[in-house]
Amino acid sequence: MISPEDLMWMAIEKCREGLALGQSPFGCAIAFGDRVIANAHNTVVLTTDITAHAEMNAIRTANRQLGAIFLEGALVATTCEPCPMCMAALHWSRVSTVYFGATIADAAQAGFNELQLPAAELLSRGGSRLKLVGGVLTAECRDLFTDWLADPARHVY
């Protein structure tokens, strides 16, 4: 089984690919056991689709790979705590566990228009059984915001 850290490194690298393409600093990888079935970055600017967050892109890829809408048993690593839209989609897709690095507060500090609703609170209030684990490679995930902020040409929120 792939470790949360190894899966997160994949999400970080995919995020860096997105940064190189002028996208915002978010990446997400999804695995079943040792098999990575999706690895995506944010493509909001590229696609002019406000819902094209890294998690949404990864879920869509995973669904196509499996030919199914549910991802029961899947592990997810996302470079930032999921926003309410992404957290709800991860819940509805029935993934098992979501690991994240940076927090919603980190994204807001970098200038993103985040709803100040922690993912854990959304899950709790909604009665979700999805397991959410923060603090995976947090410094490395926060560095993605630093890298993004260093290039003002990228600043499309």
Side-chain angles (χ1 to χ4, degrees), residues 1-104 106-107 110 112 114-115 117-120 122-123 126 128-145 147-148 154 156-157:
M1 185 155 149
I2 193 166
S3 74
E5 293 80 11
D6 287 343
L7 194 60
M8 185 65 79
W9 278 119
M10 291 179 194
I12 289 168
E13 288 306 314
K14 185 56 77 169
C15 177
R16 288 184 180 138
E17 288 176 25
L19 286 172
L21 296 171
Q23 302 306 296
S24 51
F26 301 93
C28 179
I30 301 177
F32 280 98
D34 283 337
R35 183 175 163 227
V36 177
I37 60 167
N39 195 5
H41 59 76
N42 185 300
T43 59
V44 169
V45 175
L46 179 68
T47 62
T48 61
D49 177 356
I50 201 66
T51 69
H53 292 193
E55 297 92 338
M56 301 298 283
N57 290 338
I59 290 168
R60 289 174 183 133
T61 298
N63 293 147
R64 284 191 301 271
Q65 281 279 72
L66 297 176
I69 60 171
F70 298 123
L71 304 173
E72 292 170 304
L75 301 180
V76 176
T78 184
T79 59
C80 188
E81 180 179 0
C83 73
M85 174 185 69
C86 292
M87 194 72 264
L90 290 161
H91 162 80
W92 290 323
S93 68
R94 300 183 184 173
V95 301
S96 173
T97 305
V98 174
Y99 300 95
F100 68 90
T103 66
I104 287 174
D106 295 324
F112 289 90
E114 297 300 320
L115 292 171
L117 179 61
L122 180 65
L123 293 175
S128 180
R129 288 180 267 162
L130 187 154
K131 184 177 175 187
L132 182 68
V133 180
V136 178
L137 301 177
T138 299
E140 293 84 348
C141 291
R142 284 181 182 149
D143 285 347
L144 296 167
F145 290 120
D147 294 348
W148 182 79
R154 295 179 177 162
V156 176
Y157 299 91

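Computed from a predicted structure; not experimentally measured.
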Residue pair [X] / [Y], side-chain heavy-atom distance below 4.5 Å:
X	Y	result
V76	C28	yes
V98	P82	yes
E114	T103	no
C141	F100	no
L130	V95	yes
E17	L21	no
K131	S96	no
M1	L75	yes

Checklist entry - Is there a side-chain contact (heavy atoms from CB on, under 4.5 Å) between L122 and H91 once you walk through the steps? => result CA-CA 10 Å; L122 180 65; H91 162 80; over 6 Å; no

Checklist entry - Between F26 and F112, how do the two ring planes meet: parallel, tilted or perpendicular, split at 30° and 60°? => result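 Taking F112 first and then F26, their aromatic rings stand perpendicular (interplane angle over 60°).
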
Next on the checklist: Run the side-chain contact (heavy atoms from CB on, under 4.5 Å) test on M87 and L132 for me, step by step, so that the C-alpha distance in whole Å, both residues' side-chain angles and the decisive distance to 0.1 Å come before the verdict.
Outcome noted: CA-CA 10 Å; M87 194 72 264; L132 182 68; 4.2 Å; yes

Using atom types as modelled and distance alone, determine if a side-chain donor or acceptor of [X] lies under 3.5 Å from a backbone N or O of [Y].
X	Y	result
E81	G134	no
E72	R94	no
D49	V44	no
N42	Q23	no
S3	D6	yes

Between [X] and [Y], what is the shortest heavy-atom contact and its length?
X	Y	value
A62	A38	N-CB, 3.8 Å
A52	R60	CA-NH1, 4.2 Å
A40	A58	CB-N, 3.7 Å
A110	W148	O-CZ3, 3.7 Å

Output the distance between atom [atom1] ([X]) and atom [atom2] ([Y]), rounded to the nearest 0.5 Å.
X	Y	atom1	atom2	answer
L144	S24	CG	OG	11.0 Å
T43	H53	OG1	NE2	9.5 Å
D143	I12	CG	CD1	8.5 Å
D106	F145	CG	CZ	6.5 Å
E55	T79	CD	OG1	7.0 Å
M56	I59	CE	CD1	6.0 Å

Checklist entry - Quick check: are there more than 12 heavy atoms from other residues, nucleotides or ligands sitting under 6.0 Å from CG of L115? => result no

Checklist entry - Do L71 and Q65 pass the side-chain contact (heavy atoms from CB on, under 4.5 Å) test, and can you show the C-alpha distance, the side-chain angles, and the key distance before you say yes or no? => result CA-CA 11 Å; L71 304 173; Q65 281 279 72; over 6 Å; no

Item to check | Contact list for residues 32-41, test side chain to side chain donor-acceptor pair (under 3.5 Å), sequence neighbours left out | outcome: none

Checklist entry - For the side chain to side chain contact (heavy atoms under 4.5 Å, CB included) test, which of T61, L66, N63 pairs with I37? => result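 One option only clears the test, and that one is L66.
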
